[in-house]
Amino acid sequence: MSSLYTLDARTATAHFPGIGRYGVNLARAMAPQLGPDEHLVLLRDPTQPSPWDLTALAGERVGVVDVPHSPFSLPQQWALPRLLTRLRADLYHSPYYLMPYRVGLPTVLTVHDLIPLLFPRQSTWQARLLFRWALMLALRASHRVIAVSGSTASDLQRYFHTPSERVSVISEAPDPAFYPRPSAEVEAVRQKYGLPESFVLYVGSNKPHKNLPRLIEAWSRLTLHVSRFTSHVSRFTLVIAGVWDPRYPEPRLRAERLGLRNVRWLGPVPEADLPALYSAAALFVFPSLYEGFGLPVLEAMACGVPVVCSNTSSLPEVAGDAALLVDPTDAPSLAAAIAGLLEDESRREEMRERGLQQAARFSWDRTAAMTLEMYREVAG
């Protein structure tokens, strides 16, 4: 008896870079693991621009079906169930909480984080209410839930009392494109962005939970204050790359007030440039207060860059003993951790090797195998 699984890839658009990458990498790794009588259908929104070509994943057991309704649209509530009935689907998997809530067949939901509830100041009360209500409906509609980390699983139990037997922790993984790049590629990216020879890198947004003002404070301690760090660390530049939300200007304002001249703001960097950007860095720092998974930490490790990151939420799970873990609310400790690695080349090499080994423990093949096993259990 054949089985048809549907993976909702309507989030594989420029609006959902993280969730889109999750769906695409999951589908790519799952395709060769499908059994002879198993098929996977990817649901695509053709009306939205996408960095990924889902049709490139189509093959003997993988199909792509267009659904011209975004996850934000009301018509998806009846259009998707009708389509799934026509397809004779055996299972529906949504990687996003905005989904049809009366699907009519076994359903799997992936939950990435609960940021609107944990950091309420980042959104309006209306947005928080919508998030709580929509996620509650999605959890009720789902037979099984994938949490991308143990931390996210704990948050689900804390805020929604989701039974532990319904939740499975299945980690994300770095994209296969993240590996130490050769010197020619590194130099090309260095020239493209006008980067100095020695720099410390952060990749992520400037949203408040990312904790950039405290990173700026720690950097000022290293480079402006008279200390044992100043002479050595002053040759390094702090490079901050990622989407910039104009609602949160505090990191730049603080750098200006402190008179920091050795901070570069790159803004968004194309996916294709990220592996070489990581590879060019002397150190990667990630002071986030909360991460559902914290993929940039693994991406940096996979590129052979030593890492300093927070000791909160999912980050200890992801980093293991391959990063220096610090209290993200303690700027002096963050500064000391960064300086300690910058001053000790042999320690950086040790952390580099540990990071490569830690990143290798996470793979999309493993994630796909565990997800596919769940499909088989849920579809019966």
Trainee: Nearest 0.5 Å, please: how far is OG1 in Thr162 from CG in Leu139?
Mentor: 4.5 Å
Trainee: Flag the pair Phe16 / Phe72 as yes when their ring centroid distance falls below 6.0 Å, and as no otherwise.
Mentor: yes
Trainee: Look up atom NE2 in His209 and atom CG in Leu289, then write down how far apart they are to the nearest 0.5 Å.
Mentor: 8.0 Å
Trainee: Closer than 4.0 angstrom, basic N to acidic O: yes or no for Lys210 and Glu291?
Mentor: yes
Trainee: For Leu83, which of Asp66, Leu43, Val41 qualifies under side-chain contact (heavy atoms from CB on, under 4.5 Å)?
Mentor: Leu43
Trainee: Check whether Tyr159 and Met136 end up in the same hydrophobic cluster, where Ile, Leu, Val, Met, Phe, Trp and Tyr are linked by side-chain heavy atoms less than 4.5 Å apart.
Mentor: yes
Trainee: How close do Arg132 and Phe160 get, heavy atom to heavy atom, and via which atoms?
Mentor: O-CE2, 3.7 Å
Trainee: Which residues satisfy the salt bridge (charged side-chain N to carboxylate O under 4.0 Å, His left out) test with Glu377, sequence neighbours excluded?
Mentor: Arg144
Trainee: Can you find a pair of side-chain heavy atoms, one from Asp155 and one from Tyr290, that are under 4.5 Å apart?
Mentor: yes
Trainee: Got a list of side-chain donor-acceptor pairs under 3.5 Å for residues 103-119, not counting sequence neighbours?
Mentor:
from: Thr107; atom 1: OG1; to: Leu105; atom 2: O; distance (Å): 2.9
from: Thr110; atom 1: OG1; to: Tyr22; atom 2: OH; distance (Å): 2.9
from: Thr110; atom 1: OG1; to: His93; atom 2: NE2; distance (Å): 2.8
from: His112; atom 1: NE2; to: Pro95; atom 2: O; distance (Å): 3.1
from: Asp113; atom 1: OD1; to: Ile115; atom 2: N; distance (Å): 3.2

Trainee: Could you give the distance from CG (Leu334) to CZ (Arg221), rounded to the nearest 0.5 Å?
Mentor: 10.0 Å
Trainee: Can you confirm whether more than 12 heavy atoms, excluding those of Arg261, are under 6.0 Å from its CZ atom?
Mentor: no
Trainee: Are Val269 and Leu283 joined in one hydrophobic group, where the rule is that I, L, V, M, F, W and Y side chains link up if heavy atoms are under 4.5 Å apart?
Mentor: yes
Trainee: Work out which heavy atom in Ser205 is nearest to a heavy atom in Leu212; give both atom names and the distance.
Mentor: O-CD1, 3.8 Å
Trainee: For Arg10 and His69, indicate whether the former's side chain and the latter's backbone hold a donor-acceptor pair under 3.5 Å.
Mentor: yes
Trainee: Tell me if the CD atom of Glu165 is crowded by more than 12 foreign heavy atoms within 6.0 Å.
Mentor: yes
Trainee: Can Tyr375 and Leu7 be said to form a side-chain contact (heavy atoms from CB on, under 4.5 Å), step by step?
Mentor: CA-CA 11 Å; Tyr375 285 6; Leu7 174 59; 4.0 Å; yes
Trainee: Considering non-hydrogen atoms only, spot the tightest contact between Pro306 and Leu341 and give its length.
Mentor: CB-CD1, 4.4 Å
Trainee: List the residues meeting salt bridge (charged side-chain N to carboxylate O under 4.0 Å, His left out) with Glu271, not counting sequence neighbours, and say none if there are none.
Mentor: Arg21
Trainee: Where do Gly320 and Leu325 come nearest, in terms of heavy atoms and distance?
Mentor: O-CD1, 4.1 Å
Trainee: Using distance alone, with no hydrogens and no angle criterion, decide if Thr6 and Asp8 have a side-chain donor and acceptor under 3.5 Å apart.
Mentor: no
Trainee: State, yes or no, whether a side-chain contact exists between Phe178 and Leu298 at a heavy-atom distance under 4.5 Å.
Mentor: no
Trainee: Going by the rule side chain to side chain contact (heavy atoms under 4.5 Å, CB included), which residues pair with Pro213 if we only count those two or more places apart in sequence or in a different chain?
Mentor: Glu250, Pro251, Arg254
Trainee: Counting N and O atoms only, with roles assigned by atom type, does the side chain of Gln76 sit under 3.5 Å from a partner on the main chain of Pro71, one being a donor and the other an acceptor?
Mentor: yes
Trainee: Can you tell me if Glu353 and Gln357 form a side-chain donor-acceptor pair at under 3.5 Å?
Mentor: no
Trainee: Find out whether Phe236 and Asn262 are in side-chain contact, i.e. whether some heavy atom of one side chain is under 4.5 Å from a heavy atom of the other.
Mentor: no
Trainee: Work out which heavy atom in Thr329 is nearest to a heavy atom in Asp327; give both atom names and the distance.
Mentor: OG1-OD1, 2.7 Å
Trainee: Does Val145 offer a backbone N or O that forms a donor-acceptor pair with the side chain of Arg166 under 3.5 Å?
Mentor: no
Trainee: Identify the heavy atoms of Pro176 and Trp364 that sit nearest to each other, and give their distance.
Mentor: CD-CD1, 4.4 Å
Trainee: Side chains of Leu98 and Thr11: does their closest heavy-atom pair fall under 4.5 Å?
Mentor: no
Trainee: Counting C-beta onward and ignoring hydrogens, is there a side-chain heavy-atom pair between Tyr92 and Met99 closer than 4.5 Å?
Mentor: yes
Trainee: Same cluster or not: are Ile146 and Ile19 linked, directly or through other Ile, Leu, Val, Met, Phe, Trp or Tyr residues, by side-chain heavy atoms under 4.5 angstrom apart?
Mentor: no
Trainee: Return yes if some donor-acceptor pair links the side-chain N/O of Glu317 with the main-chain N/O of Ser149 below 3.5 Å, else return no.
Mentor: no
Trainee: Hey, is the main chain of Gly292 close enough, under 3.5 Å, to the side chain of Thr152 for a donor-acceptor pair?
Mentor: yes
Trainee: Testing Val148, Asn25, Leu26 for side-chain contact (heavy atoms from CB on, under 4.5 Å) with Glu172, which one passes?
Mentor: Val148
Trainee: What I want to find out is whether Glu350 reaches Arg354 closely enough, with some N-O distance under 4.0 Å, to be called a salt bridge.
Mentor: yes
Trainee: Determine, stepwise, if the pair Phe284 / Val203 fulfils side-chain contact (heavy atoms from CB on, under 4.5 Å).
Mentor: CA-CA 8 Å; Phe284 180 73; Val203 174; 4.0 Å; yes
Trainee: How far does NZ of Lys192 sit from CG of Leu266, to the nearest 0.5 angstrom?
Mentor: 11.0 Å
Trainee: Assess the side chains of Thr237 and Arg264: does a donor N or O sit below 3.5 Å from an acceptor N or O?
Mentor: no
Trainee: Can you list the steps and then say if His143 with Leu91 is a side-chain contact (heavy atoms from CB on, under 4.5 Å)?
Mentor: CA-CA 10 Å; His143 296 72; Leu91 176 139; over 6 Å; no
Trainee: Mind checking what makes ring-ring contact (aromatic ring centres under 6.0 Å, His included) contact with Phe131, not counting sequence neighbours?
Mentor: Tyr97
Trainee: To the nearest 0.5 Å, what is the distance between CZ on Phe286 and CG on Asn211?
Mentor: 10.5 Å
Trainee: Checking Arg348 side chain against Leu342 main chain: does a donor-acceptor pair fall under 3.5 Å?
Mentor: yes
Trainee: Just how far is it from atom CG of Leu135 to atom CG of Leu130, taken to the nearest 0.5 Å?
Mentor: 10.5 Å
Trainee: Checking Trp265 now: which residues fulfil ring-ring contact (aromatic ring centres under 6.0 Å, His included) with it, not counting sequence neighbours?
Mentor: Trp244
Trainee: For Gln77 and Arg102, indicate whether the former's side chain and the latter's backbone hold a donor-acceptor pair under 3.5 Å.
Mentor: no
Trainee: So does Ala12 get a backbone contact from the side chain of Ser50, meaning a donor-acceptor N/O pair under 3.5 Å?
Mentor: yes
Trainee: Would you say that Pro180 contacts Leu356 through its side chain, given a criterion of any heavy-atom pair below 4.5 Å between the two side chains?
Mentor: yes
Trainee: Verify, without hydrogens or angle tests, whether Asn206 (side chain) and Tyr248 (backbone) share a donor-acceptor contact under 3.5 angstrom.
Mentor: yes
Trainee: Counting only N and O atoms by type, is there a donor-acceptor contact under 3.5 Å from the side chain of Arg352 to the main-chain atoms of Gly304?
Mentor: yes
Trainee: Report yes if the side chains of Phe293 and Val318 come closer than 4.5 Å at any heavy-atom pair, otherwise no.
Mentor: yes
Trainee: Quick one: do Leu201 and Val243 end up in the same hydrophobic cluster if we chain Ile, Leu, Val, Met, Phe, Trp and Tyr together by side-chain heavy atoms under 4.5 Å apart?
Mentor: no
Trainee: Mind checking whether Asp90 and Ser2 have side chains closer than 4.5 Å, heavy atoms only?
Mentor: no
Trainee: When clusters are formed by joining ILVMFWY residues with side-chain heavy atoms under 4.5 Å apart, either directly or through shared neighbours, do Leu4 and Val65 land in the same one?
Mentor: yes
Trainee: Any Lys/Arg nitrogen of Arg376 or Glu38 sitting under 4.0 Å from an Asp/Glu carboxylate oxygen of the other?
Mentor: yes
